Amino acid sequence: MVTAFLGILESLGLVAFQTTNGSDSQIYIRINSVRRMEKATHTLHYRNRILEKVIEQHHLNVAMLDHVFTTEAPGQTDSERNRNYTTWFWNEIENFFFGIIPPEV
């Protein structure tokens, strides 16, 4: 139903669309009129959840980088601090990739 409607709009030159199949099927729509797109985004309270998720992930990544590069490791000597920091750093990175976010972040 949706693809038929998009096909009609495409034949009128109003949009261009592409579909992808598979386990994560998606429809990509390109609206040929900037004015129509701006009107739609302002009047329909448009939300792009994919973009919101990307922004959220970006902020989390920046906070994580800030955390790992500003935390000081304990130790009496430079060598001991470096060794402690290196171990701590890689544990934090590994946990982050497993979805374990430190409370400080």
Side-chain angles (χ1 to χ4, degrees):
M1 179 75 175
V2 172
T3 55
F5 177 70
L6 291 173
I8 292 169
L9 291 177
E10 185 173 43
S11 68
L12 296 172
L14 299 175
V15 301
F17 79 99
Q18 172 187 356
T19 60
T20 60
N21 297 321
S23 62
D24 186 25
S25 299
Q26 299 178 7
I27 297 176
Y28 298 95
I29 302 172
R30 179 176 169 263
I31 298 177
N32 298 331
S33 171
V34 173
R35 185 180 59 76
R36 285 187 185 134
M37 180 61 99
E38 287 175 344
K39 184 179 176 185
T41 59
H42 292 343
T43 60
L44 299 176
H45 304 288
Y46 175 77
R47 287 187 63 194
N48 185 329
R49 288 184 180 87
I50 295 171
L51 181 58
E52 289 172 0
K53 184 71 174 165
V54 168
I55 291 169
E56 179 184 309
Q57 189 63 44
H58 170 74
H59 289 299
L60 177 63
N61 291 342
V62 169
M64 182 64 181
L65 288 173
D66 185 51
H67 168 65
V68 296
F69 289 118
T70 58
T71 301
E72 294 185 25
Q76 299 299 320
T77 65
D78 285 341
S79 176
E80 186 179 358
R81 279 190 293 276
N82 286 340
R83 188 172 47 256
N84 291 339
Y85 178 79
T86 300
T87 302
W88 172 84
F89 176 89
W90 289 113
N91 286 335
E92 291 291 294
I93 295 297
E94 183 177 357
N95 287 338
F96 182 73
F97 281 109
F98 282 123
I100 302 168
I101 310 300
E104 299 85 359
V105 174

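Source: prediction; values computed, not measured.
With hydrogens and angles disregarded, no donor-acceptor distance shorter than 3.5 Å links the side chain of Asn95 to the backbone of Ile100.
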For the pair Arg81 and Glu72, evaluate side chain to side chain contact (heavy atoms under 4.5 Å, CB included) and give the outcome as yes or no after the intermediate values.
CA-CA 8 Å; Arg81 279 190 293 276; Glu72 294 185 25; over 6 Å; no
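Note that CD of Glu104 is 9.0 Å distant from CE of Met64, once rounded to the nearest 0.5 Å.
Taken together through direct or relayed side-chain contacts under 4.5 Å among Ile, Leu, Val, Met, Phe, Trp and Tyr, Ile50 and Ile55 form parts of separate hydrophobic clusters. Leu65 and Phe97 end up in the same hydrophobic cluster when Ile, Leu, Val, Met, Phe, Trp and Tyr side chains are linked at under 4.5 Å. A continuous path of hydrophobic side-chain contacts links Trp90 to Phe69 [ILVMFWY only; heavy atoms under 4.5 Å].
None of Phe96, Phe89, Trp88 except one satisfies the ring pair (Phe, Tyr, Trp, His ring centres under 6.0 Å) rule with His67; the exception is Trp88.
The minimum heavy-atom distance between Glu80 and Gly75, with the atom names listed, is CD-CA, 3.8 Å. Residues Ala63 and Val105 approach most closely at CB-CG1, 3.6 Å, considering heavy atoms.
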